[in-house]
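This report refers to the structure that appears directly beneath it.
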Amino acid sequence: MKRLALASFALVAGCSRSSAPLQDPLPSSATSAAASAHPTPATPPSASPLARGTPCAARADAGASIGCARFASAEDAFRAVVESTSPLVLAIGEAHAQKGTEAIASATKRFGASLLPIVAPRASDVVAELWIPPSGCQQEVKQVASAQKPVTTAQAATNVNEYDVLGSQAKALGVTPWPLRPTCADMKTVNDAGEDKIAVMLGLVKSLTTSRVRTLLARNAAAEAGAPRTVLVYGGMMHNDLAPTAAGKDYTFGPDLLAATGGRYVELDLVVPEYIKPSPTWQALPWYATHEAGSAEDPARATLYQVGERSFVLVFPKSS
């Protein structure tokens, strides 16, 4: 579905602060729990979340059949998605902040400040696309960090710190944050990949995220009576894709986690409108034509697009 490969694997060197919010609190006995726990059967959404908003004006020139509704706020749109779909995994993808946009609040900032508190009461954990490097192979880690530069150079330097802040916000709300923890063997695999280093890193994001989420789902299913709590995933808006392109299928955990949750997986992309440009990358997105056709309508309101049965895009109101 999406072709916007905005990856952000950031190796946080050591995360050496003793109070680092993204830690590994799950005991080893729990991490060994098999993800074979039978997932809760799918619960169909009560209604499309779009029904809670105001339908966008019909646009024959949009050239795409995409569901669209306006909401008074991003909080209202987000609440509609969460309450209508009741996900076991809510996988949130963002268009990462780029250099030159630091004066505009990023999707990460907005999510942590106003959207995370909405879902926190029903959420147990958040798995973030933030790499914590292993110890004992510093040279390998340095080489991987160097290989990341083609991806991360164009991104705002504040991105990594904002993910760290998101971890603190989650903990304060009772949601356990988890980073991705590649091993020294993973680092070696990346470095041995030659020109395919970026592809291998993207694949690692998928495998590390899938493994962690499956473990958390199994723990929740085994430990909780009644309705299990939601596991949140937060990262780039390629990895959460439910209908990946041929080029992206090896980097996307959506289909795997849809199966693991018995259908209770929701893909939600968060987009800051100022980031959207008339470039081939953005124009390839299925909702772009609909957005452009109606972008002048209610810029102060949030827009929610439905691009699949359990796939949504939330475009924030313009900043000013």
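Contact record, Arg301 with Ala72: NH2-N, 3.7 Å, taken as the closest heavy-atom pair. Across all their heavy atoms, Ile104 and Glu274 have their closest contact at CD1-CB, 3.6 Å. Here the closest heavy-atom approach between residue Leu314 and residue Ala77 is recorded as CD1-CB, 3.9 Å. Taking every heavy atom of both residues into account, Met187 and Trp131 meet most closely at CE-CZ3, 3.8 Å. A pairwise comparison of heavy atoms in Tyr163 and Ala128 identifies CD2-CB, 4.3 Å as the closest pair. Nearest heavy-atom pair across Ala193 and Val200 is CB-CG2, 3.5 Å.
Rounded to the nearest 0.5 Å, atoms NZ (Lys197) and OG (Ser146) are 8.5 Å apart. Of the inter-residue distances, the one linking Thr189 atom OG1 with Asp196 atom CG reads 12.5 Å to the nearest 0.5 angstrom. With values rounded to the nearest 0.5 angstrom, Asn240 atom CG is found 13.0 Å from Lys206 atom NZ. In this structure, Ser86 OG and Arg122 CZ are separated by 5.5 Å, a value rounded to the nearest 0.5 Å. Phe111 CZ to Phe78 CZ: the interatomic distance, rounded to the nearest 0.5 Å, is 5.0 Å. Put simply, OH on Tyr275 and CZ on Phe316 are 9.5 Å apart, with the number rounded to the nearest 0.5 Å.
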- Query: Would Val81 and Val266 satisfy side chain to side chain contact (heavy atoms under 4.5 Å, CB included), going step by step from the backbone distance to the final call?
  - Reply: CA-CA 9 Å; Val81 172; Val266 168; 4.1 Å; yes

- Query: Where do Ile132 and Leu180 land on the side chain to side chain contact (heavy atoms under 4.5 Å, CB included) test, with the steps shown first?
  - Reply: CA-CA 6 Å; Ile132 306 299; Leu180 302 182; over 6 Å; no

- Item | side chain to side chain contact (heavy atoms under 4.5 Å, CB included) between Cys68 and Thr303, worked out | CA-CA 7 Å; Cys68 177; Thr303 304; 3.7 Å; yes

- Task: Given side chain to side chain contact (heavy atoms under 4.5 Å, CB included), test Leu173 with Leu116 step by step and report yes or no.
- Result: CA-CA 9 Å; Leu173 291 167; Leu116 179 58; 3.7 Å; yes

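Aromatic ring orientation, Trp287 versus Tyr305: parallel (interplanar angle below 30°, classes split at 30° and 60°). Taking the six-membered ring for Trp and thresholds of 30 and 60 degrees, Tyr265 and Phe253 have ring planes more than 60 degrees apart, a perpendicular arrangement.
Side-chain atoms of Thr261 and Pro87, non-hydrogen and from C-beta on, never get closer than 4.5 Å to each other. A heavy-atom distance below 4.5 Å is found between the side chains of Val213 and Val233. Residues Leu90 and Glu267 fail the side-chain proximity criterion, which asks for heavy atoms closer than 4.5 Å. Residues Glu83 and Arg52 meet the side-chain proximity criterion, which asks for heavy atoms closer than 4.5 Å. Contact of the Arg212 side chain with the Arg214 side chain is not registered, since no non-hydrogen atoms from C-beta on lie closer than 4.5 Å. Within the 4.5 Å cutoff, the side chain of Thr54 has no heavy atoms near those of the Phe71 side chain. Annotation: side chain of Tyr288 is in contact with side chain of Ile276 (closest heavy-atom distance under 4.5 Å). By the 4.5 Å heavy-atom criterion applied to side chains, Pro134 and Val141 are counted as neighbours.
Thr183 and Asp186 are linked by a side-chain donor-acceptor pair at a separation below 3.5 angstrom, with hydrogens and angles left out of the test. Side-chain contact check for Thr252 and Asp241: no donor-acceptor pair (N or O, by modelled atom type) lies under 3.5 Å. If you check the side chains of Ser106 and Glu162, you find a donor sitting under 3.5 Å from an acceptor.
The closest donor-acceptor contact from the side chain of Tyr234 to the backbone of Thr108 lies under 3.5 Å. For Asn220 (side chain) and Pro228 (main-chain N/O), no donor-acceptor pair under 3.5 Å exists by modelled atom type. One N or O on the side chain of Gln306 and one on the backbone of Glu309 form a donor-acceptor pair closer than 3.5 Å. Side-chain atoms of Asp125 never come within 3.5 Å of backbone atoms of Pro177 as a donor-acceptor pair (strictly under, hydrogens ignored). Panel note: side chain Thr210, backbone Ser207; no donor-acceptor pair is recorded below 3.5 Å. Remark: side-chain polar atoms of Arg310 are not paired, donor with acceptor, to backbone N or O of Arg264 under 3.5 angstrom. No donor-acceptor pair closer than 3.5 Å links the side chain of His239 to the backbone N or O of Gly93. Remark: the backbone N or O of Val307 is not paired with any side-chain donor or acceptor of Ser311 at under 3.5 angstrom. Formation of a donor-acceptor pair under 3.5 Å by the Ser211 side chain with backbone atoms of Leu208 is not found in this model. At least one donor-acceptor pair under 3.5 Å links the side chain of Ser84 to the backbone N or O of Ala80.
The number of heavy-atom neighbours closer than 6.0 Å to CD of Gln283, taken from other residues, nucleotides and ligands shown, is above 12.
With Val231 as the partner, the side-chain contact (heavy atoms from CB on, under 4.5 Å) test is satisfied by one option alone out of Val126, Val175, Thr176, Leu217: Leu217. Partner of Met237 under the side-chain contact (heavy atoms from CB on, under 4.5 Å) criterion, chosen from Asp269, Ile92, Leu270: Asp269.
Remark: Arg70 engages Glu297 in a salt bridge (charged side-chain N to carboxylate O under 4.0 Å, His left out) (not counting sequence neighbours). Judged as a side-chain hydrogen bond (donor to acceptor under 3.5 Å, both in side chains), and not counting sequence neighbours, Asp256 has no contacts. Listed by chain and number, the residues in a side-chain hydrogen bond (donor to acceptor under 3.5 Å, both in side chains) with Arg110 are Ser319 (sequence neighbours excluded).
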